[in-house]
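Working notes, beginning with the structure itself.
Start at 1 and go down the list; that is how both ligands and their atoms are numbered. The analysis underlying the following values was restricted to heavy atoms, covering all of them including side chains, and did not include hydrogens, waters or symmetry mates.
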Amino acid sequence: MRFSKAFIPTTKEAPSDAVLASHIYLTRAGFVAQVASGLYNYLPLGKRVLKKIEAIINDEMERADAQEVELSFVTPAELWQESGRIEKFGKELLRLRDRKENLFVLGPTHEEMMVNLVRNRVTSYKQLPLNLYQIKTKFRDEARPRFGLMRAREFVMKDGYSFHATAEDLDREFDAMEAAYKRILERLGLDFRIVEADSGAIGGSGSKELMVIADSGEDTIAVCDSCEYGANIEAAHRRVISSAPSEPSLANEKVHTPDVRTINDLADFFKIDPHYTLKAVAKRAIYEESDEIVIFYLRGSDELQEVKAVNAVAALELVDVTEEELEAVGLVPGFIGPFGQNDITSVFDSGLKGATAMITGANERDYHMSGADLSALDGVTFADLYEVKEGDGCPHCDGSLTYTKGIEVGHIFKLGTTYSKALKAEFLNDQGRAEPFEMGTYGMGVSRLVAAVIEQHHDEKGCRWTKATAPYQVNIMVSNIKDEAQLELGETLYSRLKESGVEVIIDDRKERFGFKMKDAELIGLPYTIIIGKELKNGKIQIFDRATLEKSDVQVEEAFETVMGLLK
Ligand code: ATP
Ligand code: MG
């Protein structure tokens, strides 16, 4: 490609709302252009990067025997009613009616569509297993589209779905897909971690996320400092504490505690470790057709993990409540406790099983209970509610957990029979009995990956593409196109590299050297051959974008040197 003919509208202006490097540089360097909130056009350079990533995905899917299909983007609303997700997805679904008033949804993910494709076509265990995928535009009317390609409304996803006769066979395929996803990210040149995750609105188990490590990531992940364990904080566990602070010996009684409301005040007042205080977190749980106030109990030394809490009560979401709302249902804000209080849904963190010597609210203004034994409570619901903290023990080894930030670029999980049951998709097993398919789902954010590469590979000058993702590998910079010798060498190298299959662009624009160099840094191709004044002395320079180093090379060796670098 010739720069003089290319559509690469670089600019000094960053989008006014841009905070992330990828958003700023992909726009400034002319890879993408925003159309409206969360909607982007891909310009030639951006489209090339997308295609590179897609090619690697396709290659690894072929190797894993997954087959590519392409399903309709406009999907019938009836399918979403059959699965019950029309409500669950809520406003994220963009609905539209055709001229006959039929209701449709722009596909935000394609479980229903894929099950619909397979049901009644795959009817026997002999046709299983089957793994179908597509690379396709998705639409989610995100509440807060932001960060450029990272959280768009229209985006490109690789979504794959597998169908099996048995849960064991699903396990096998899940492991194969995890391995394939790992290879894809390795080939893209990314530093990443595969972590345990929550299954989210889609439902299922064995959920894992692929996280590209970056400070700008929206997800917090807890990773072990000595083994492979890593988990999204929404699903992270810790080793059961073996050395709990020593148990205080306080009588089981009601104690007057004026103005003592916070956990710290309480620990100070009783001179105990917060481990022995009972924290009550009240929230309003929103369900499909109702809502209620729920109390989550944890040790005072722990914080509530909201996603775990949502899962514990199977709510759509949890929202904060005011003191007035609590009082309206007979609760005493600051003094809520589990004793003598049965009509409000309560969930206890599983770490509270058998807890003794606890300080709890007494459900009376200015009073707490001391020395409480929680095993005296009847019919208690326990669930995993705590959020792991940095320094907590790893659940698998002697190491400890630290936090890092990650960008979720992929999510794989076992759906089991959730969708096949809901959509009545069955096959005949080897005994001739009808059974629902066991299913797995494997998503990868293709356009989000474009942004993730830049989040991990940029500097203050611009993009620094990895070899596997760069739209072109080599830029040939003819410093002064009026200099015939420079232009001639540029053209010769351009032809030779192209003939050798190298993706190369020649900067043959009538611009100043400094201007072209700024563009080269901003666009961030791995290597730039600089043909300048030193040509008189038989020398050119090779600029390495990753290290910002320029090295002198003899003209005769230019071609071989570049070919060597690209190996
Ligand atoms: P997130 O938690 O970031 O909202 P999700 O859990 O909703 O993502 P999935 O339903 O698992 O996402 O979709 C599979 C993949 O699609 C994600 O791992 C992510 O890489 C990508 N993806 C999801 N939403 C968006 C979006 N709004 N813009 C770009 N990519 C997205
Ligand atoms: Mg996810």
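- One finds no salt bridge joining K208 and E196 here, because no Lys/Arg side-chain nitrogen approaches an Asp/Glu carboxylate oxygen to under 4.0 Å.
- Every atom of ligand 1 with a heavy atom of A152 under 4.0 Å away is listed here by number and element: 26 (C), 27 (N), 28 (N).
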* To do: Kindly determine whether K279 and D349 satisfy salt bridge (charged side-chain N to carboxylate O under 4.0 Å, His left out), including the steps that lead there.
  => CA-CA 10 Å; K279 179 186 280 182; D349 181 52; over 6 Å; no

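- Near V409, meaning under 4.0 Å from one of its heavy atoms, ligand 1 places the atoms 18 (O), 20 (O).
- For ligand 1 and E142, the ligand atoms under 4.0 Å from any heavy atom of the residue are 24 (N), 26 (C), 27 (N).
- In this structure, W80 and F89 have perpendicular ring planes: the angle between them is above 60°, well past the 30° mark.
- Counting heavy atoms of neighbouring residues, nucleotides and ligands inside a 6.0 Å radius, atom CZ of R97 exceeds 12 of them.
- When each atom of ligand 1 is checked for a heavy atom of L149 under 4.0 Å away, the hits are 29 (C).
- Centroid-to-centroid, the aromatic rings of F147 and H23 stay 6.0 Å apart or farther.
- With a heavy-atom cut-off of 4.0 Å, R448 touches ligand 1 through its side chain alone.
- Remark: ligand 1 atoms within the under-4.0 Å shell around heavy atoms of M157 are 13 (O), 14 (C), 16 (O).
- Close contacts between ligand 1 and H411 involve ligand atoms 11 (O), 18 (O) [criterion: under 4.0 Å to a heavy atom].
- Near R140, meaning under 4.0 Å from one of its heavy atoms, ligand 1 places the atoms 5 (P), 7 (O), 9 (P), 10 (O), 12 (O), 13 (O), 23 (C), 24 (N).
- Using a 4.0 Å cutoff on heavy atoms, G410 counts as a contact of ligand 1.
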* Asked: For L525 and I505, what are the C-alpha separation, side-chain angles and deciding distance, and is it a side chain to side chain contact (heavy atoms under 4.5 Å, CB included)?
  -> CA-CA 10 Å; L525 305 181; I505 184 162; 3.6 Å; yes

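- The shortest heavy-atom distance from E209 to ligand 1 is not under 4.0 Å.
- Under the 4.5 Å side-chain criterion, counting only non-hydrogen atoms from C-beta, F437 is in contact with V122.
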